[in-house]
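Step one of this worksheet: look at the structure below.
First the proteins, then the strands, lettered A, B, ... as listed; each starts at 1. Computed from a predicted model, the values in this text were never measured in an experiment.
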Number of protein chains: 2
Amino acid sequence: MPHHENDRCEDTCFHPKLVESVAKGLLGRKSAEELAQLFKALGDPTRVRILNALYLSELCVCDLTDLLGMNQSAVSHQLRVLRDARIVKSKKMGKNVLYGLDDEHISGIISLGSEHVRELRQ
Amino acid sequence: MPHHENDRCEDTCFHPKLVESVAKGLLGRKSAEELAQLFKALGDPTRVRILNALYLSELCVCDLTDLLGMNQSAVSHQLRVLRDARIVKSKKMGKNVLYGLDDEHISGIISLGSEHVRELRQ
DNA sequence: TTTATATATGAACAAGTGTTCATGTGATGA
DNA sequence: TCATCACATGAACACTTGTTCATATATAAA
């Protein structure tokens with residue numbers, strides 16, 4: 001990765017030693033990309049509401065459709081995004097498909113996020 | 001909000017009591033929107049890398065420019081997104097502006113997210 | 001088999017996002 | 001004052017995203 005010499009501060013800023021030590025602790029590009037993908041998948045109100053509902057109970061697509069007041073296609077498309085990101089898991093039950101959260105990290109992340117938002121309000 | 005009667009399951013699915021109880025526990029639309037906004041702000045690789053760096057140390061724009069290998073304008077634009085979401089805070093130091101994480105929730109969220117991603121890899 | 005139901009998916013389109021380029025602003029130093 | 005530096009910002013543009021509509025698939029019932 002080429003340093004952007006032309007943009008480099010010359011005087012009081014650009015702390016080479018600090019930058020060097022921080023550089024060693026940085027995530028790799030690929031990890032950063034994966035992490036961003038995870039948050040991107042959480043970054044939509046419809047998907048947040050779906051996850052909020054699935055945190056409370058496993059539900060089928062139709063239940064979610066009713067809870068969200070959205071049409072089935074929109075819900076299925078968003079569930080696909082969440083499945084691809086391995087945030088939710090699904091199992092077939094007869095004609096229906098039951099969805100649930102894939103692991104506990106997700107609910108932890110959402111809880112922390114909720115706290116953050118709640119505090120920002122005050 | 002009108003229920004989507006036409007999309008409602010009729011037989012084995014659509015559990016009205018379950019749906020009703022879940023509905024009571026759901027975040028309001030506005031909270032879901034705010035939470036999604038938070039995650040959306042985290043959902044970009046450049047911003048993840050910025051936050052990762054700021055977690056390790058407060059840094060000025062120029063340091064970040066160098067660390068990320070990106071031009072200053074791109075970094076400033078992304079910092080604006082993070083400031084607007086109140087994820088980072090900034091203070092002026094002479095000609096420079098020093099950035100840092102706004103609160104501890106953010107590093108917690110990123111840590112949990114990193115764990116999740118790390119486990120998915122295995 | 002035929003029909004209906006629950007869900008998935010492709011195409012299309014409006015709306016949103018991230019980067020670059022050019023330029024503006026405010027602080028510093030000559 | 002004038003030039004320079006660090007940073008911010010607006011415009012433009014390619015790219016992505018979320019919803020809708022139409023349709024496909026799979027299970028179950030008749």
Side-chain angles (χ1 to χ4, degrees), chain A residues 4-15 19 29 32-33 36-37 39-50 58-85 88-99, chain B residues 4-15 19 29 32-33 36-37 39-50 58-85 88-99:
Chain A
H4 280 222
E5 312 278 353
N6 298 332
D7 284 335
R8 177 171 295 182
C9 317
E10 288 167 356
D11 269 352
T12 55
C13 191
F14 187 64
H15 316 90
V19 167
R29 283 192 182 255
E33 178 71 47
Q37 278 299 119
F39 290 128
K40 193 176 294 187
L42 301 177
D44 172 81
T46 298
R47 291 195 292 270
V48 164
R49 293 171 73 215
I50 289 175
E58 290 193 319
L59 295 165
C60 69
V61 178
C62 177
D63 292 331
L64 288 168
T65 296
D66 192 74
L67 275 167
L68 304 187
M70 298 184 66
N71 75 50
Q72 175 265 317
S73 178
V75 173
S76 279
H77 277 298
Q78 298 296 14
L79 285 169
R80 190 192 210 308
V81 174
L82 294 171
R83 259 186 295 131
D84 287 350
V88 303
K89 59 184 188 305
S90 63
K91 54 188 170 197
K92 237 179 167 172
M93 303 285 282
K95 281 190 293 184
N96 303 309
V97 177
L98 211 56
Y99 279 87
Chain B
H4 280 221
E5 312 278 354
N6 299 333
D7 284 336
R8 177 172 295 181
C9 318
E10 286 167 357
D11 270 352
T12 54
C13 190
F14 187 64
H15 316 91
V19 168
R29 283 190 183 258
E33 179 71 48
Q37 277 299 120
F39 290 128
K40 194 176 294 190
L42 301 177
D44 172 81
T46 298
R47 292 195 291 271
V48 165
R49 294 170 73 214
I50 289 176
E58 289 193 322
L59 295 165
C60 69
V61 178
C62 176
D63 292 332
L64 288 168
T65 297
D66 191 74
L67 275 167
L68 304 187
M70 298 183 65
N71 75 51
Q72 175 263 317
S73 178
V75 173
S76 279
H77 277 297
Q78 298 296 15
L79 285 170
R80 191 194 209 309
V81 173
L82 294 171
R83 258 186 296 132
D84 287 350
V88 302
K89 58 183 190 304
S90 63
K91 54 188 172 199
K92 240 184 164 169
M93 304 284 282
K95 281 190 291 183
N96 306 310
V97 177
L98 210 56
Y99 279 86

query: Within the modelled atom types, does a donor on one side and an acceptor on the other bring the side chain of A:Q72 and the base of C:dA8 under 3.5 Å apart?
result: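 Answer yes: a donor N or O sits under 3.5 Å from an acceptor.
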task: Answer with yes or no whether A:S73 presents, from its side chain, a donor or acceptor under 3.5 Å of a partner atom in the base of C:dT9.
output: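 Side chain to base: pair found, below 3.5 Å.
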message: If you assign A:Q37 and A:G94 each to the DNA chain D nucleotide with the nearest heavy atom, which residue ends up on the more 5' nucleotide?
response: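 Here A:Q37 is the residue nearer the 5' end.
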In whole angstrom, what separates [X]'s [atom1] from [N]'s [atom2]?
{"X": "A:N71", "N": "C:dT9", "atom1": "CG", "atom2": "P", "value": "16 Å"}
{"X": "B:M70", "N": "D:dA6", "atom1": "CE", "atom2": "C1'", "value": "18 Å"}
{"X": "B:K92", "N": "D:dA8", "atom1": "NZ", "atom2": "C1'", "value": "9 Å"}
{"X": "B:L68", "N": "C:dT19", "atom1": "CG", "atom2": "P", "value": "10 Å"}
{"X": "A:L64", "N": "C:dA6", "atom1": "CG", "atom2": "C1'", "value": "13 Å"}
{"X": "B:L79", "N": "C:dT17", "atom1": "CG", "atom2": "C1'", "value": "16 Å"}
{"X": "B:R83", "N": "D:dC7", "atom1": "CZ", "atom2": "P", "value": "12 Å"}
{"X": "A:K95", "N": "C:dT7", "atom1": "NZ", "atom2": "C1'", "value": "11 Å"}

At less than 4.0 Å, is any side-chain N or O atom of [X] found next to OP1 or OP2 of [N]? Yes or no.
{"X": "A:R47", "N": "D:dG18", "answer": "yes"}
{"X": "B:R80", "N": "D:dG10", "answer": "no"}
{"X": "A:Q78", "N": "D:dT19", "answer": "yes"}
{"X": "A:Y99", "N": "C:dA8", "answer": "yes"}

- prompt: Are the side chain of A:R47 and the backbone N or O of A:A41 linked by a donor-acceptor pair below 3.5 Å?
  reply: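 Yes, because the side chain of A:R47 sits within donor-acceptor range (under 3.5 Å) of the backbone of A:A41.
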Separation of [Y] [atom2] from [X] [atom1] (nearest 0.5 Å):
{"X": "A:S90", "Y": "A:R80", "atom1": "OG", "atom2": "CZ", "value": "11.0 Å"}
{"X": "A:L82", "Y": "A:D44", "atom1": "CG", "atom2": "CG", "value": "9.0 Å"}
{"X": "A:H77", "Y": "A:T46", "atom1": "NE2", "atom2": "OG1", "value": "12.5 Å"}

Nearest of [options] to any side-chain atom of [X]?
{"X": "B:K40", "options": "C:dT19, C:dT7, C:dT17", "result": "C:dT17"}
{"X": "B:H77", "options": "D:dA11, C:dG18, C:dA22", "result": "D:dA11"}
{"X": "B:C62", "options": "C:dT20, C:dT7, D:dC7", "result": "D:dC7"}

- request: Compare all side-chain heavy atoms of B:Q72 with those of B:C62 and state whether any distance is below 4.5 angstrom.
  value: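 Of all side-chain heavy-atom pairs linking B:C62 with B:Q72, none is under 4.5 Å.
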